[in-house]
Amino acid sequence: MPKEITKNLPLLSELLSRGNTLTGSIPEELCRLPYLHLLDLANNNLSGSIPLCLGDVDGFKLQQTYFIYRAVS
């Protein structure tokens, strides 16, 4: 994963990279994305541990609002 992600996409809120054959480790730079609230890195070839700082990302702590759509007949 590119470490420059925080420089190029500072307002990134969702990173969906499932099944992209990414290699290497999860960069700690992801922890510097204050609006990140959805991170999907499943089904890749990543190695190493998950950075502990990801537990401190504010976006993961924000309460989410969910809307239920109901069709009116």
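Remark: Asp40 pairs with Arg18 by the side-chain hydrogen bond (donor to acceptor under 3.5 Å, both in side chains) rule, at least two apart or across chains.
You'll find the side chain of Ile26 reaches within 4.5 Å of the side chain of Leu41, heavy atoms only. Side-chain contact check for Leu15 versus Ile5: some heavy-atom pair is nearer than 4.5 Å.
Under the 3.5 Å distance criterion, the side-chain polar atoms of Asn44 are matched with a main-chain donor or acceptor of Asn20. Side chain of Asp56 to backbone of Leu54: no donor-acceptor contact under 3.5 angstrom is found.
For residues 42-51, the set of pairs meeting the salt bridge (charged side-chain N to carboxylate O under 4.0 Å, His left out) definition, not counting sequence neighbours, is empty.
Applying the 6.0 Å contact sphere to CD of Glu28 captures no more than 12 heavy atoms from other residues, nucleotides or ligands.
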Please table the atom pairs, donor to acceptor, closer than 3.5 Å between any side-chain atom in residues 29-36 and protein atoms at least two apart or in another chain.
none

Please assess Thr23 against Ser47 for the test side chain to side chain contact (heavy atoms under 4.5 Å, CB included), listing each intermediate value before the final yes or no. CA-CA 7 Å; Thr23 59; Ser47 59; over 6 Å; no
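The structure places CD1 of Ile50 at 12.0 Å from OG of Ser25, a figure rounded to the nearest 0.5 Å.
The hydrophobic clustering, which links ILVMFWY residues whose side-chain heavy atoms are closer than 4.5 Å, places Val57 and Leu9 together.
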